[in-house]
Number of protein chains: 2
Amino acid sequence: MASTPRARKAPDRSGRAVTLQRVADHAGVSIATASRVLHGGGGRAVGEELRGRVLAAAAELNYIPNAPAQALARARTSVVGLIVHDVGDPYFAAIATGVMKAAREHDLMVMLAATFRDPQLELEYLRRLRNQRARAVLLAGSGFADPAFVGSLAESLGRFVADGGQVACIGDHGVEADTVAPDNRGGAEAAIGHLWELGHRRIGVVAGPSGLTTVRHRLEGVRRALERRGQVLGADCTVEADFTREGGRAATLELLARRPDLTAVFALNDGMAVGALTALRDDLGRSVPDEVSLVGFDDLPCALDVRPALTTVRLPLEKTGVRAMDLILDEGADRGSRRIVELEVELVVRDSTGLARG
Amino acid sequence: MASTPRARKAPDRSGRAVTLQRVADHAGVSIATASRVLHGGGGRAVGEELRGRVLAAAAELNYIPNAPAQALARARTSVVGLIVHDVGDPYFAAIATGVMKAAREHDLMVMLAATFRDPQLELEYLRRLRNQRARAVLLAGSGFADPAFVGSLAESLGRFVADGGQVACIGDHGVEADTVAPDNRGGAEAAIGHLWELGHRRIGVVAGPSGLTTVRHRLEGVRRALERRGQVLGADCTVEADFTREGGRAATLELLARRPDLTAVFALNDGMAVGALTALRDDLGRSVPDEVSLVGFDDLPCALDVRPALTTVRLPLEKTGVRAMDLILDEGADRGSRRIVELEVELVVRDSTGLARG
DNA sequence: CTGTTAGCGCGTTCAT
DNA sequence: ATGAACGCGCTAACAG
């Protein structure tokens, strides 16, 4: 036709976008019938004859349903949101991998959001995911221990749920929601136990920001393991810094300056451990593990690349992502109480730990 | 429960979801006015009085627009799709980081899709992104050199564009689309040049699958650099394997078995380089760089953690993601010819390369 | 400046 | 088994 005033879509060859209506016309059936054969949900079946015609028409026209329109009509989308601190961090990248694999098996798309550790941004993304009417949101990464923040987080999550969305946390976010979390305390205990068995009695801890729940839990594990053996974690044996390689390096320098007599260092994640290794070996000239033993946490790929290969606590990161998706998908179970899945961790002994000297 | 026949949404306290209509009612204005103050686009301004009432009502009711509904009405969404091989790979994770940062600045959400190097899955995700009516798609990662695949890819992309979507490639996908790509050839030439200057004349190459365009381009750079210096790359000087650490290790073993006299190895990405380092040092007992020099490509974080620290070609990965988003956002420029942005790379000399012996 | 109204593409009763 | 018609929440003419 000459003028199409309201045409806003890029036109298909024959002038308009390929909609269900067009498929129906092409097949000589009603739009309802077309909808039924293409998206089946309607309950009733459709006769072989028409069914074939619709399928053929759809194929010929290369019809693709309009997800936003379906979302509007069904009041439900097929997207889940994944909120992480930083995709560039191998820890989150591994979780994301698990999530994506699970999503694909269930025909879900995942919207990724990275907060770069800014709590406000986390709230902001929650809004945007609500705006998008995401069917569910996966909150990954360590939570922030700040009560005020946890309050607003709970509120945002509450709204999301009120809108009909589902929520699952990966790790402890201080919120009443289904959660899958690795056994951080147990992992830390295992790490300390390992060092203890090797004869280490003066162990230092290179910790991340205590505002992160993950850090708290790992520290708790350290304390518990030590106390069980009649020792308390001295205040001068813990240094807190950024949860990164650079943080680990700085913290280790400070730690060893305060306590040059330490025979072992436990870094609360592998990033920090790699930094600690650099500090120990390159800055301080202390050989690992001959003079100082080192243990990390997470078992990121880099733990293997580094020399000596890092003894660390392995987290089933990818599986964590998958499990979180399972929580989301099991819609039946969300009645009743909160579900909590604790994932087992495993100490992986490699070359960065050895017998304590003397 | 009583019976709310068509209620499909989780109800708000007062019984229904918070829609624009409700906000309008609450503020005592028409829905059009509410729309105008909340989403401004309508052209005309709104009086202070009403404007204030609408804002207040929206805040009080905690209104959040329904993106699918807006998408339907406007025939345009605010989501861009990002297709990568594997988020777990630091290479793609870095690109994704750049994309996400740029997206946030422009109020766009990103849907992530990981193909795990399965071409069919790439096509499938293109369909799904078209289904979602993504405003644009970013095709990241190395393309597949298979002509048949490139054909279907071009077709899929064509449909996407016909539907009004935009496309930008990261790296060469053999397709006529706006592209941002690092200078793979130049980087490889620089790497070889560096080794040459150090006196190396017997250089082996540890390559990824030749089906990937990235690998091809890097190999071309190698050949060009060598030929410029009067040498040709011997067939026995190149081994092809998976583009991974394990691939690098295996390929290096094979390479050195064939040519024990090599004084330098160029691995076509850092993953392979790390594997090569393991093979050289641990399996073969050859010291790096004293006996064999090693160069990688990409400058992933692990290049720094490894000992000796890896000499490698740095790619501006995060910037690559940002630039690709720029192409998407510059809608004005998409008339006329194809835009190609070539990103400069930089050789970073660290400790894995040294003078050739003898 | 503000309100009315007609779609956007689709799912879903409700008749037939 | 099939079709007609309404509504999902919102934008964008168009009319006042």
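Any value given below was found using the heavy atoms of this structure, including those in side chains, with hydrogens, waters and symmetry copies removed. In this text, all values refer to a predicted model and were calculated from it rather than measured experimentally. First the proteins, then the strands, lettered A, B, ... as listed; each starts at 1.
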To the nearest Å, give me how far apart [atom1] ([X]) and [atom2] ([N]) are.
{"X": "A:D25", "N": "C:dC10", "atom1": "CG", "atom2": "C1'", "result": "14 Å"}
{"X": "B:L20", "N": "C:dG3", "atom1": "CG", "atom2": "P", "result": "13 Å"}
{"X": "B:D163", "N": "C:dG9", "atom1": "CG", "atom2": "C1'", "result": "13 Å"}
{"X": "A:R133", "N": "D:dC8", "atom1": "CZ", "atom2": "C1'", "result": "11 Å"}
{"X": "B:R51", "N": "C:dC1", "atom1": "CZ", "atom2": "P", "result": "11 Å"}
{"X": "A:Q21", "N": "C:dG11", "atom1": "CD", "atom2": "C1'", "result": "14 Å"}
{"X": "A:R53", "N": "D:dG3", "atom1": "CZ", "atom2": "P", "result": "8 Å"}
{"X": "A:N66", "N": "C:dG9", "atom1": "CG", "atom2": "C1'", "result": "6 Å"}

Is it the case that the side chain of [X] and the backbone of [Y] share a donor-acceptor pair, with hydrogens and angles ignored and the cut-off at 3.5 Å?
{"X": "B:T77", "Y": "B:R133", "result": "yes"}
{"X": "A:R130", "Y": "A:F160", "result": "no"}
{"X": "B:T33", "Y": "B:V29", "result": "no"}

Regarding C:dG3, can its base be found pairing with the side chain of B:R36 as donor and acceptor, where the two atoms are less than 3.5 Å apart?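 Answer is yes: a donor-acceptor pair is held.
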
Could you tell me whether the side chain of B:R22 has a donor or acceptor atom within less than 3.5 Å of a complementary atom in the base of D:dG9?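 Side chain to base: no pair below 3.5 Å.
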
Of the listed nucleotides ([options]), which one gets closest to any side-chain atom of [X]?
{"X": "A:A69", "options": "D:dG9, C:dT2, C:dG9", "answer": "C:dG9"}
{"X": "B:A32", "options": "D:dT2, D:dC8, C:dT4", "answer": "C:dT4"}
{"X": "B:P65", "options": "D:dA4, D:dT11, D:dC10", "answer": "D:dC10"}

What residues, two or more places apart in sequence or in another chain, satisfy side chain to side chain donor-acceptor pair (under 3.5 Å) together with [X]?
{"X": "B:S152", "result": "none"}
{"X": "A:R128", "result": "A:E124, B:D107"}
{"X": "A:D118", "result": "none"}
{"X": "B:T179", "result": "B:R338"}

Between [X] and [N], does any side-chain N or O lie under 4.0 Å from OP1 or OP2?
{"X": "A:H39", "N": "C:dG11", "answer": "yes"}
{"X": "B:S35", "N": "D:dC10", "answer": "no"}
{"X": "A:T33", "N": "D:dT2", "answer": "no"}
{"X": "A:S30", "N": "D:dG3", "answer": "yes"}

With B:E49, which residues qualify under salt bridge (Lys or Arg N to Asp or Glu O under 4.0 Å), at least two apart?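 B:E49: salt bridge (Lys or Arg N to Asp or Glu O under 4.0 Å) contacts with B:R53.
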
Using a cut-off of 4.0 Å on non-hydrogen atoms, how would the nucleic acid contact of B:P68 be classed: base, sugar-phosphate, or nothing?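 Here B:P68 touches no strand at all.
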
If an axis is fit to five pairs at each end of the helix from C:dC1-D:dG16 to C:dT16-D:dA1, what is the angle between the two, to the nearest 10°?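 That helix has its two terminal axes inclined by roughly 40°.
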
Mapping B:E48 and A:I31 onto DNA chain C by nearest heavy atom, which one lands closer to the 5' end?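 Whichever sits nearer the 5' end wins; that is B:E48.
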
Return whichever of B:G47 or A:Q70 has its heavy-atom-nearest nucleotide of DNA chain C closer to the 5' end.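 The residue closer to the strand's 5' end, by nearest nucleotide, is B:G47.
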
